[in-house]
Amino acid sequence: MKHNAIRFLLKYARFMILIILLIALSLLSPAFLTFTNIANVLGQASLLIIVSYGMTLAIVTKGIDLSIGSVLALSSCIAASIIKSQSIILGIIIGLLIGLLCGSINGIMITKIGLTPFIATYGMDWIARGLAYVYMGGTQIYGFDKAFRFFGSGQIMGIPVLVFEVIFITVVLCFLTYKTTYGRNIYATGSNIKATRLAGVNTDRMVISVFALNGLLAAIAGLLYISRLNAAEALIGTDFTLNSIAATLIGGTPFGGGEGGVARTVMGAIIMTLLINGMNLLEISSYWQTATVGFVILLSLFIENTSKNFLV
Amino acid sequence: MTYAKIIKQLKKLPGIIYGLVIIIAFFGVTADYFLTFMNMMNILKQASVLIVVSLGMTLAILLGKIDMSVGSTMSLVGVVTGICLHKGISIPLAICIGMAVGSIIGFINGYLIGYRKFDYWIVTFSNMGIAQSLALVITNGATIPGFDSSFRFLGDGQIYGVPVGILIAMAIALAIIYLSYNTKFGSNIYAVGGNEQVARYSGIDTSKVIFKTYILSSLLAGFAGILLVSKVNSANPIAGSGYEFDAIAATLIGGTPFDGGRGGVLGTIIGACIIATLRNGLNMLGLTPPIQFTLVGFIIILIIIFDVLNEKYKAKKGGAANEA
Amino acid sequence: GGGSQNSQPTQETSQEETNSYKITLIVKNLVNPMWLAVKEGAEAAAKEYGVELTVLAPLKADNNEEQIRQVEDAITKQADAIVLIPADSQGIIPAVEKANQAGIPVINVNTKVGGGVTETFVAVENYDAASKVAEAVAEKLGQKGKVIILEGKAGAQSAIDLKQGAVDTFAKYEGIEIVASQTANWNRAEAMQVTQNLLQAHPDVNAIFASNDEMAMGAVEAVDQAGLTGKIIIAGLDANQDALEAIKEGKMTLTCDKRGFEQGYVGVEAAVKVLNNEPVDDRIVIDTTIVDESNVDEFLK
Amino acid sequence: MSDQIILQLKGISKQFPGVKALDNVSLDVRKGEVHVLLGENGAGKSTLMKILSGVYKKDSGKIFLDGKEVEINSVNDAENLGIGIIHQEFNLLPHRDIAQNIFLGKEPTKRGPLGVKVLDKATMYSKCNELLKTVGIDLDSRILVKDLGIAQKQMVEIAKALSLANLKILIMDEPTATLTKGEIDKLFSIIRKYKSMGISIIYISHRMEEIQVIGDRVTVLRDGKYIGTVPVKETPPSELIRMMVGREITNLYKRDYNEPGPEALKVCNLSSRGKFKDVNFSVRRGEIVGFYGLVGAGRTEVAKAIFGEDKYDAGEILINGKKVKHHMPSQAVQNKMGLLPEDRRDEGLITKMLLKQNVVQASLRKVFPKGILNNKVESQIATKYITKLNIATPDENVVVASLSGGNQQKVVLAKWLLTDSEVLIFDEPTRGIDVGAKAEIYELMNDLAKSGKAIMMISSDLPEVIGLSDRIYVMYQGKIVAEFSHENASQERIVNFAIGRGDTL
Ligand SMILES: Nc1ncnc2c1ncn2[C@@H]1O[C@H](COP(=O)(O)OP(=O)(O)OP(=O)(O)O)[C@@H](O)[C@H]1O
Ligand SMILES: Nc1ncnc2c1ncn2[C@@H]1O[C@H](COP(=O)(O)OP(=O)(O)OP(=O)(O)O)[C@@H](O)[C@H]1O
Ligand SMILES: [Mg+2]
Ligand SMILES: [Mg+2]
């Protein structure tokens with residue numbers, strides 16, 4: 001009985017931290033626990049959640065994707081110009097295709113040429129960012145159609161549309177990774193690629209598809225991003241790479257492959273967004289922001305480790 | 001040393017050295033003024049700070065781990081040293097205080113990762129944030145300006161036309177090369193990175209090895225921070241940010257992969273030189289940043305592909321040799 | 001060939017002209033429209049005076065160390081003059097000193113270098129510009145109200161100057177209270193997020209001072225989504241095109257034209273004068289202009 | 001050998017979450033004897049030895065060395081007491097060279113510049129070469145371990161254990177599982193030499209015939225409990241097996257030879273530079289075809305090439321008469337082939353995953369044709385195989401890493417049985433498996449053959465090869481040098497071919 005309770009706590013340690021954070025912030029700031037603020041936080045977390053899903057999948061396959069932010073920028077910049085000059089649908093399709101393409105190239109460099117994921121995606125990061133700069137030539141594209149803006153900044157019953165979109169993507173990805181043989185093979189590939197290959201799984205295809213999916217998610221996030229901000233420029237998304245790694249790890253997907261998963265990452269991304277929200281509300285000097293995130297992460301590790309020791 | 005011996009030593013160098021040679025040859029042909037003594041010194045000087053941080057990063061990666069906090073440790077140590085200098089504290093003491101503060105970051109990293117078995121990425125990432133905040137808070141976000149010339153000599157002085165910064169970086173590099181290839185501690189780092197369980201089963205105190213390595217990494221980062229401050233003659237609280245990724249890149253380009261236990265600092269030094277040469281060369285060609293961006297990515301990937309193919313070729317040749 | 005050379009005579013022809021000067025312009029970055037304007041101005045001057053211009057910027061935006069490298073590389077390439085917009089006033093000094101030693105004149109633009117010898121300073125000081133904007137905001141506020149400041153990247157020189165200019169100016173008005181000052185890293189998305197958050201804590205805020213137009217546009221989006229457009233004064237700096245349009249639409253209140261084109265043009269012009277041994281003033285002031293709905297049409301392209 | 005007792009273990013117990021691995025086990029070891037530990041997979045042999053060598057901490061019990069009670073809390077403690085161990089699984093760093101591995105954690109040092117302690121590489125390499133000579137392997141001590149064959153790695157492990165300065169007790173946990181006859185003989189002569197120097201050896205093996213040759217006394221464990229200690233000479237193997245598994249095993253190699261069906265796998269002139277050359281053989285339905293050879297003979301390489309894991313330069317492969325070219329194992333699996341790899345930990349299992357997940361891994365497409373997983377189905381299948389193969393595990397939801405070696409091997413087997421492959425390649429199928437389980441596996445293989453599957457079996461266990469195969473191919477230096485039918489196979493002739501002497505008898 002007692003063990004079960006602790007096991008539960010351990011499994012949901014991240015969730016507990018989230019709850020503690022919520023309680024603490026509600027007590028500290030009256031503005032925190034309001035409908036609009038919570039809706040805001042969820043809307044703000046959405047894009048991070050989407051890109052972090054891609055990062056999580058890459059990390060589950062024992063890789064990493066440093067190009068997420070740049071692929072996001074490149075695909076959304078090109079999409080933006082088409083959306084402005086031609087049609088919304090065509091822009092979206094091309095944007096998604098570019099994401100898919102960049103991701104697939106990453107996957108191919110990793111599997112067929114044998115580059116490590118870090119190097120392949122690090123190189124892609126430079127290239128995609130550079131191409132975005134070249135394409136935009138330092139200018140910005142702004143002022144999109146109402147219809148397009150709805151995806152990123154619309155609201156339904158006061159709740160950002162983004163939230164619904166993220167829920168949809170989450171359901172799809174959870175199903176894909178936890179409930180299908182494809183998902184199982186992703187985890188197997190991440191745990192032991194050789195044994196998985198020898199068990200008859202086309203592991204190259206697994207890795208390429210994961211990175212392609214990754215690129216696609218980055219492109220989706222990019223489209224929502226420009227829709228939300230009503231502008232596209234080459235430098236967007238720079239912070240997404242590091243933040244998505246952080247959200248993945250805080251959520252509890254470790255490096256080393258084969259463990260964790262997208263369901264945990266939601267938690268990590270929301271915790272990170274809440275921290276920023278809380279600090280803004282409490283007017284903590286921006287100098288302390290990175291440290292606060294650091295402290296909270298370390299704290300969560302402490303809680304997790306102590307409960308683990310308690311269990312044994 | 002005889003000629004044959006030199007050749008033998010050269011052959012031991014990581015294959016990536018060819019990558020460096022090719023880049024130098026390329027820019028030598030395409031960019032005016034590239035192959036001048038002054039420019040070579042420039043490149044080395046520009047590489048020297050990166051070399052020093054990358055050495056620490058390489059040790060962490062050899063452990064099979066990583067140290068994300070090196071960049072902000074650089075900043076923190078830099079501003080602490082800067083503040084001390086402005087308070088009139090003597091140069092050696094100011095450096096010691098700065099390094100001591102930096103080693104606290106390493107101490108926390110090492111303790112939590114080595115003894116408490118916390119995830120290395122999360123710990124060093126958190127400390128990256130904490131060190132960054134501390135640097136900003138103690139300076140109130142502002143740059144600490146100008147120091148006197150004896151301090152500046154470290155990063156910016158010259159001896160017979162050779163910048164002092166290069167000499168210092170070289171001395172540190174030699175020490176770390178020696179440490180990693182010729183001491184028990186160095187060999188233990190490889191063992192822990194190769195397989196922690198094997199190391200433990202062989203009687204190595206793996207926690208201690210991890211602990212010491214992280215302290216060393218933060219000390220090297222700290223020293224790089226001081227070199228940087230001396231070179232730019234001012235201490236900026238965000239000066240080191242971004243160095244962690246460059247250091248990782250230098251390490252990986254130099255042939256030390258993430259899984260740990262293989263590779264070495266020698267390759268990293270070449271890796272850092274490749275990055276510095278690339279940036280310098282592209283500047284010398286007068287290319288605009290967008291094009292530079294794209295080219296940096298392409299060239300890094302090309303170099304690594306070249307290296308991977310080279311390794312494959314070597315492996316194949318080795319296989320054929322076994323036939324005999 | 002690089003993009004920077006496309007807009008000027010090709011290398012061979014310019015090298016044949018023996019008297020064509022080689023000038024290197026180093027800016028803070030090339031991702032902000034402001035510096036692009038500077039680049040364009042410089043290129044226009046280069047064309048006019050027939051000089052060979054190289055424009056460089058750090059790959060990592062606003063990185064001091066890279067700027068130092070670029071100065072060093074320009075010295076190696078034996079540039080005739082360097083036009084410099086430093087990302088860090090103090091950090092750039094060693095590079096300026098090196099240029100001095102090499103006998104290469106340095107023309108300082110926009111952000112003042114903290115030491116070394118410069119031929120002239122083409123001044124558009126961030127501190128002054130921010131003061132001007134803050135004053136305009138105060139005026140629109142009727143000298144009283146609650147203000148939020150959106151800061152640039154923590155630790156960056158211009159972020160510090162801009163914030164200080166605003167803070168000092170607002171302090172002059174008793175009725176004005178700065179209720180929050182947070183960083184949004186020059187970044188539109190972050191500015192939107194921070195503004196959303198701050199609007200929760202301070203629903204009664206009257207004005208938002210953003211240290212650049214990017215962040216101001218983020219604030220515009222946040223305010224728009226909160227349904228408060230028109231009720232909150234939003235001010236930025238740089239006079240980016242989308243900010244100007246927002247002013248025209250009434251979503252944003254004012255910005256400040258820092259006249260990037262002129263900065264670049266005058267910088268190169270000053271360099272040519274120095275090289276021709278013509279006299280230049282120690283300080284060439286470029287006037288900044290506040291742009292609001294009254295005069296926005298003059299600035300819209 | 002004297003009767004002097006050097007090591008005594010008294011009442012040792014050890015509990016793992018969910019398993020009582022050792023329950024009040026006592027044992028004494030005499031000076032200069034080879035003390036064999038015998039027991040089924042999961043009996044607790046390795047656990048006991050890990051306690052003795054300082055890897056695990058015991059829950060209770062006492063250890064006496066030379067009559068004095070000792071505390072062993074770390075590997076260093078054990079080494080200082082002169083206890084060396086060769087672990088069941090490899091404990092080598094692939095990217096370091098032989099000498100660095102052998103002296104890992106105890107590198108010789110000297111005073112270097114500035115008086116700091118530095119590695120004494122010269123001494124290390126010369127000592128290492130000496131050691132390698134003792135062990136009887138002719139290798140340069142600067143070769144990286146990753147470039148060694150599996151048997152050579154094992155010899156390096158042995159050298160590593162022998163490098164201990166004051167060696168008193170040497171534990172060998174299944175040292176011969178990866179060795180072929182030649183190396184086993186070498187190992188035995190080393191053991192005899194050390195024995196004569198008064199060093200005691202604790203020897204774990206599942207190969208009954210070895211015990212007769214090298215053992216002095218045998219201690220049997222079952223389910224973590226002490227069963228008894230008997231002298232080898234006076235105890236027939238059948239009695240040892242009875243003590244160990246609690247029942248008689250009369251006929252280990254049970255095999256019904258039937259008329260084989262059509263050729264299922266045919267390999268023509270297969271060559272791969274530096275690995276093997278002009279390999280020709282065939283396996284028919286209902287046949288078990290044995291492959292024997294020394295280490296590095298190239299058997300595994302041939303298997304991997306057929307399976308699409310390795311590339312080959314020339315030759316062709318026919319399955320059911322149809323030419324195939326596998327670029328990757330997934331294609332081989334689609335062609336109804338299965339490979340049970342020789343290295344279960346790195347190639348056979350996903351040790352982080354659950355038992356049931358491993359069992360279905362190679363058959364996901366078959367079991368879940370819609371691509372959607374079903375937990376219940378998975379559990380049902382796994383439970384069936386746990387019963388069928390007698391896998392010792394609490395349930396199907398355990399992480400595979402926590403199973404004993406033999407039981408892990410059974411999981412790999414289960415994985416391939418589930419696939420319904422028609423051509424099965426078994427690379428060392430019983431490596432590290434106890435006699436009881438071996439008997440079960442042999443029976444399964446016999447059944448598979450009877451049901452018309454074609455089995456290619458690579459094995460370094462000669463009695464197993466002879467006892468089970470319809471036909472036997474012998475490989476030497478990448479070439480097939482002989483073929484025997486089961487009627488005319490003789491141990492001596494096979495060995496002679498395997499060591500390259502041809503038919504000189
Ligand atoms: N680290 C561990 N965690 C949990 N259970 C363990 C662990 N190590 C061993 N066990 C369990 O303890 C029991 C004894 O295992 P041990 O490895 O000692 O068996 P063994 O006699 O060496 O078997 P084999 O002949 O297969 O090597 C088994 O049930 C095994 O599953
Ligand atoms: N002399 C050698 N030097 C280096 N590597 C070798 C040598 N001999 C064999 N190897 C390697 O050892 C491994 C084992 O060889 P292989 O699998 O072909 O032998 P095998 O006949 O299957 O024997 P076993 O299954 O007993 O290992 C292969 O990877 C092979 O390349
Ligand atoms: Mg065992
Ligand atoms: Mg083999």
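Please read these numbers as outputs of a predicted model, since none were measured by experiment.
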If we ignore hydrogens and angles and just use 3.5 Å, is the side chain of D:K352 paired with the main-chain N or O of A:G257 as donor and acceptor? yes
Chain D contact via A:F175 - which portion, at a heavy-atom distance below 4.5 Å: side chain
For side-chain hydrogen bond (donor to acceptor under 3.5 Å, both in side chains), just list the numbers for D:Q361 and A:N185, CA-CA rounded to whole Å, side-chain angles, deciding distance to a tenth of an Å, and then say yes or no. CA-CA 8 Å; D:Q361 181 61 55; A:N185 285 335; 2.8 Å; yes
Residue [X] excluded, over 12 heavy atoms near [atom1] under 6.0 Å:
X      : atom1 : result
D:K366 : NZ    : yes
D:K20  : NZ    : yes
D:K325 : NZ    : yes
A:F118 : CZ    : yes
A:K62  : NZ    : no

Select one option (side chain, backbone, both, neither) describing which atoms of [X] are under 4.5 Å from chain A's heavy atoms.
X      : result
D:K370 : neither
D:Q357 : both
D:R344 : neither
D:E309 : side chain
D:V412 : neither
D:L364 : both

Smallest heavy-atom separation, D:S330 atom then A:G200 atom, equals CB-O, 3.2 Å
When every non-hydrogen atom of A:L198 is compared with those of D:F307, the smallest separation belongs to O-CE2, 3.3 Å
Below 4.5 Å, heavy atoms only, C-beta onward: do [X] and [Y] meet side chain to side chain?
X      : Y      : answer
A:T181 : D:I372 : no
A:R184 : D:M353 : yes
A:R205 : D:M328 : no

Within residues 188-196 of chain A, contacts to chain D at heavy-atom distances under 4.5 Å involve A:A188, A:S191, A:N192, A:K194, A:A195, A:T196
